[in-house]
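Quick notes on the structure that follows.
Owing to the predicted nature of the structure, the values given are computational and were not obtained by experimental measurement.
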Amino acid sequence: QVQLVESGGGLVQAGGSLRLSCAASGRTFSDYHMAWFRQPPAKERTFVASISRSGSTTYYTDSVKGRFTISRDNAKNTVYLQMNSLKPEDTAVYYCAANRDGRSWYAYRDPIIYDYWGQGTQVTVSS
């Protein structure tokens, strides 16, 4: 069992920055691939970024490439999402997720492969 707790969300003006954190507890953090998803109001949850167990491999959805950076600190059991040049369309609840079975991680964009989820943190970008 893994518990995930996100923090760092808030209200920011367009063009601003936020850094989200997701603290994990319960099992060996480095055993898990990690990801961030987001869910805008009245829309489905979609993939934002993912990072491999060691942090050597990262993936991003096209709309955030060059603006967002996913990273992890296995010594601190934490994954981060640095978000720069924020746009109003980035407004959403952001969730972190953990994948234990590396064999399924080829489908890293699919929320169904993630075993554990945090409760989410709200990010609101004003124009």
Quick one: pull up [atom1] in [X] and [atom2] in [Y] and give me the separation to the nearest 0.5 Å.
| X | Y | atom1 | atom2 | result |
| --- | --- | --- | --- | --- |
| Tyr108 | Ile113 | OH | CD1 | 10.0 Å |
| Trp36 | Ser50 | CH2 | OG | 13.0 Å |
| Met34 | Ser71 | CE | OG | 11.5 Å |
| Lys87 | Ser63 | NZ | OG | 7.5 Å |

Taking all heavy atoms of [X] and all of [Y], pick out the closest pair and write down the distance.
| X | Y | value |
| --- | --- | --- |
| Tyr114 | Ala35 | OH-CB, 3.4 Å |
| Thr78 | Lys76 | OG1-O, 2.8 Å |
| Arg53 | Asp31 | NE-O, 2.9 Å |

- Message: Run the ring-ring contact (aromatic ring centres under 6.0 Å, His included) test against Tyr116 and tell me which residues pass, sequence neighbours left out.
- Response: none

Answer yes if [X] and [Y] sit in the same cluster of Ile, Leu, Val, Met, Phe, Trp and Tyr residues linked by side chain heavy atoms under 4.5 Å apart, and no otherwise.
| X | Y | result |
| --- | --- | --- |
| Val64 | Val79 | yes |
| Phe68 | Val123 | yes |
| Tyr94 | Ile51 | yes |

So, [X] side chain and [Y] main chain: donor-acceptor pair closer than 3.5 Å or not?
| X | Y | result |
| --- | --- | --- |
| Glu6 | Gln119 | yes |
| Arg109 | Phe47 | no |
| Asn74 | Thr28 | no |
| Arg45 | Val93 | no |

Quick one: side chains of residues 8-23, donor-acceptor pairs under 3.5 Å with protein atoms, not counting sequence neighbours, listed by atom name and distance.
residue	atom	partner	partner atom	Å
Ser17	OG	Asn84	OD1	2.9

Side-chain donor/acceptor pairs under 3.5 Å, residues 55-62, sequence neighbours excluded:
residue	atom	partner	partner atom	Å
Ser56	OG	Ser54	OG	2.9
Tyr60	OH	Ile70	N	2.9
Asp62	OD1	Lys65	NZ	3.0

- Considering only heavy atoms from C-beta outward, does the side chain of Val125 approach that of Glu89 to under 4.5 Å? no

- Is the shortest heavy-atom distance from the side chain of Tyr95 to the side chain of Leu4 under 4.5 Å? no

- Listed by chain and number, what are the salt bridge (charged side-chain N to carboxylate O under 4.0 Å, His left out) partners of Asp110, not counting sequence neighbours? none

- Task: Report the residues that fulfil salt bridge (charged side-chain N to carboxylate O under 4.0 Å, His left out) with Arg38, sequence neighbours left out, ordered by chain and then residue number.
- Result: Asp90

- Note on the structure: In short, ring-ring contact (aromatic ring centres under 6.0 Å, His included) pairs touching residues 12-35 with sequence neighbours left out are His33-Trp105

